[in-house]
Q: 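Quick one: the structure is below, and I'll ask about it shortly.
This is a predicted model, so every value here is computed, not measured. Below, chains carry the letters A, B, ... as their sequence lines are ordered, and counting in each starts from 1.
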Protein chains: 2
Amino acid sequence: MNVRTLCLGILTFKEASGYEIKKMVEEDVFGHFIDASYGSIYPALTKMMAEGLVNVRAEEQAGKPDKKVYAITPLGRQELAAALLVDPAKDKFKSEFMFQIMLQEYLPKEHVAQIYQSQIEYLRDEIEKIRCCVDHHSTHPSMSFVAGFGEASLGAGLKYLEDNKDAILGGDNRDLKIVQPMDQNRKQKNA
Amino acid sequence: MNVRTLCLGILTFKEASGYEIKKMVEEDVFGHFIDASYGSIYPALTKMMAEGLVNVRAEEQAGKPDKKVYAITPLGRQELAAALLVDPAKDKFKSEFMFQIMLQEYLPKEHVAQIYQSQIEYLRDEIEKIRCCVDHHSTHPSMSFVAGFGEASLGAGLKYLEDNKDAILGGDNRDLKIVQPMDQNRKQKNA
DNA sequence: AAAACATATATCAAATCGATATATGGCTAA
DNA sequence: TTAGCCATATATCGATTTGATATATGTTTT
């Protein structure tokens with residue numbers, strides 16, 4: 001599934017500018033299972049405009065740059081329906097945090113503690129955001145369903161991190177740290 | 001975090017060929033939070049070879065093509081440690097399935113039922129795979145931790161799909177009844 | 001008054017993907 | 001039996017996508 005289909009799908013819910021599509025993709029319910037950058041959204045909209053899948057309306061705004069508000073056309077809906085019929089790709093979950101945890105022996109203890117706590121707070125924020133989304137979009141049942149899924153998955157992940165804090169950050173830590181003897185006649189090689 | 005760091009991190013656990021790294025990235029515990037294709041892995045290994053971050057050993061195999069087994073060097077470990085110190089990027093979860101569910105009104109009912117069932121089976125498979133991984137790598141505690149996280153998250157997602165089957169596939173799609181899971185995090189809000 | 005930030009569009013080098021090419025051998029169904 | 005497919009293995013390349021940056025303007029914060 002490419003950025004074209006992504007934009008068409010979003011324009012199904014409401015007409016929007018490229019900027020607004022990007023915001024929805026990173027903040028709204030969408031943000032939890034799709035992603036795209038300006039560098040792909042703007043060219044996609046321009047191209048789809050030329051192909052008649054969307055149309056534009058320039059909107060003047062007081063105190064802000066003009067907005068190009070895009071709306072999906074019947075032809076666009078046709079292409080969307082065709083694109084959606086393709087079997088969905090496997091889910092993809094990327095977490096640099098988990099990669100770092102897996103390689104924690106290469107990181108200072110305090111740093112691991114810091115990123116662990118940040119991750120917990122990040123997950124709490126995300127879950128809170130989803131709950132706000134559900135309130136806003138409670139009219140659309142599919143959105144509530146999707147939001148519920150995100151809440152369930154992230155909630156379980158958060159709980160796991162909270163419950164297993166000690167497993168990673170446990171008090172007396174392992175043999176990882178090499179303690180150098182206090183020898184005043186010798187300069188320390190390692191900081 | 002780029003493919004270089006990814007490869008270095010994996011080579012930390014055992015020396016491997018590009019082909020094996022790709023397999024680990026899509027099948028092993030790794031597969032649940034990182035990803036990379038041949039098109040990025042092979043060039044990364046070649047370049048890191050030239051920079052002295054890894055070294056190669058050609059391995060002849062009976063009945064199979066020769067294997068280039070890469071191993072991380074002390075210099076490679078140094079670069080890895082530096083790269084890991086950078087704050088991890090936000091988690092990224094992509095699910096074309098969820099996108100399709102959100103736009104289910106554009107899809108035939110039977111097709112929605114089909115992809116829904118496929119998703120459930122896919123999640124069951126993934127969870128099963130993780131459990132196998134844990135058995136294999138039970139020696140490495142960080143791996144067990146990471147695998148446990150994946151199991152918790154995916155498990156909650158699977159349960160959600162199983163519990164809310166009727167909400168999406170039930171006789172009348174317009175009357176969605178979403179079963180919210182018992183959520184311990186929600187309680188904290190009022191506490 | 002300066003700095004930072006939000007809105008808004010746009011571009012582009014660099015990174016990455018996804019598909020394909022090449023080669024070898026084992027397995028298996030017509 | 002042999003043609004077709006699958007697994008191992010490396011490599012390349014066009015197309016897509018990212019991530020950073022440029023430009024313009026107004027508001028809010030320091």
Q: Tell me whether the OP1 or OP2 atom of dT9(C) has a side-chain N or O from Ser17(A) closer than 4.0 Å.
A: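 Yes, within the criterion.
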
Q: Hey, are the side chains of Phe145(A) and Leu161(B) touching, using non-hydrogen atoms and a 4.5 Å cut-off?
A: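 Yes, at least one pair of side-chain atoms sits under 4.5 Å.
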
Q: By nearest nucleotide on DNA chain D, pick out whichever of Lys47(A) and Lys68(B) is the more 5' one.
A: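 The answer here is Lys68(B).
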
Q: Is the shortest side-chain N/O distance from Ser40(B) to OP1 or OP2 of dA15(C) below 4.0 Å?
A: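 So the side chain of Ser40(B) is outside the cut-off, no N or O lying under 4.0 Å from OP1 or OP2 of dA15(C).
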
Q: Given atom CG of Asn2(A) and atom P of dG18(C), what is their separation to the nearest angstrom?
A: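 The answer, rounded to whole Å, is 12 Å.
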
Q: Through what angle, rounded to 10 degrees, does the axis of the helix from dA1(C)-dT30(D) to dA30(C)-dT1(D) turn between its ends, using five pairs per end?
A: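 Helix axis angle between the two ends: 30°.
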
Q: Are the side chains of Glu26(B) and Lys22(B) in contact, using a 4.5 Å heavy-atom criterion?
A: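 With C-beta onward as the side chain, the pair touches.
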
Q: Looking only at side-chain N and O atoms, does Ser37(B) come under 4.0 Å of OP1 or OP2 in dC17(C)?
A: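 Indeed, a polar side-chain atom of Ser37(B) lies that close.
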
Q: Could you state the CD1-P distance from Ile21(A) to dT9(C), rounded to the nearest angstrom?
A: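 Distance check: Ile21(A) CD1 to dT9(C) P gives 9 Å.
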
Q: Measure the distance from NZ on Lys23(B) to C1' on dC6(D) and round it to the nearest whole Å.
A: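 So the two atoms are 12 Å apart, to the nearest Å.
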
Q: Under 4.0 angstrom, heavy atoms only, what part of the nucleic acid is Gly39(A) near: base, sugar-phosphate, or nothing?
A: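 Since a base atom lies under 4.0 Å of Gly39(A), the category is base.
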
Q: Kindly check if the number of other-residue, nucleotide or ligand heavy atoms within 6.0 Å of NZ (Lys23(B)) is above 12?
A: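 Check passes, neighbour count above 12.
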
Q: Between P on dG18(C) and CD1 on Ile41(B), what's the gap in Å once rounded to a whole number?
A: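 For the pair Ile41(B) CD1 and dG18(C) P, the rounded distance is 12 Å.
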
Q: Can you tell me which nucleotide in dT18(D), dT10(D), dT16(C) comes closest to the side chain of Asp35(A)?
A: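 Among the listed nucleotides, the one closest to the side chain of Asp35(A) is dT18(D).
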
Q: Do Lys129(B) and Glu27(B) come within less than 4.5 Å of each other through their side chains, counting heavy atoms only?
A: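 No - every pair of side-chain heavy atoms lies 4.5 Å or more apart.
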
Q: Counting only side-chain heavy atoms from C-beta out, which of dT16(C), dT17(D), dT11(C) sits nearest to Val3(B)?
A: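 Closest nucleotide to the Val3(B) side chain: dT16(C).
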
Q: Tell me whether Lys68(A) forms a cation-pi arrangement with Tyr70(A), defined as NZ or CZ under 6.0 Å from the six-membered ring centre and within 45 degrees of its axis.
A: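 No, Lys68(A) does not lie over the aromatic ring of Tyr70(A).
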
Q: Short question: side chain of Glu96(B), backbone of Met1(A) - any donor-acceptor pair under 3.5 Å?
A: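 Answer holds: yes.
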
Q: Please verify the inter-ring angle class for Tyr38(B) with Tyr42(B); under 30° counts as parallel, over 60° as perpendicular, anything in between as tilted.
A: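 Ring orientation, 0 to 90° scale: parallel.
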
Q: Figure out the OH/P separation between Tyr19(A) and dT25(D), and round it to whole Å.
A: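 Atom-to-atom, Tyr19(A) to dT25(D), this comes out as 17 Å.
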
Q: Just how far, in rounded Å, is C1' of dA6(C) from NZ of Lys22(A)?
A: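 Lys22(A) atom NZ is separated from dA6(C) atom C1' by 15 Å.
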
Q: Roughly, in whole Å, what's the span from OH in Tyr42(A) to C1' in dT23(D)?
A: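 From Tyr42(A) OH to dT23(D) C1': 12 Å.
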
Q: Measure the distance from CZ on Arg57(B) to P on dT10(D) and round it to the nearest whole Å.
A: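 After rounding, the reported distance stands at 12 Å.
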
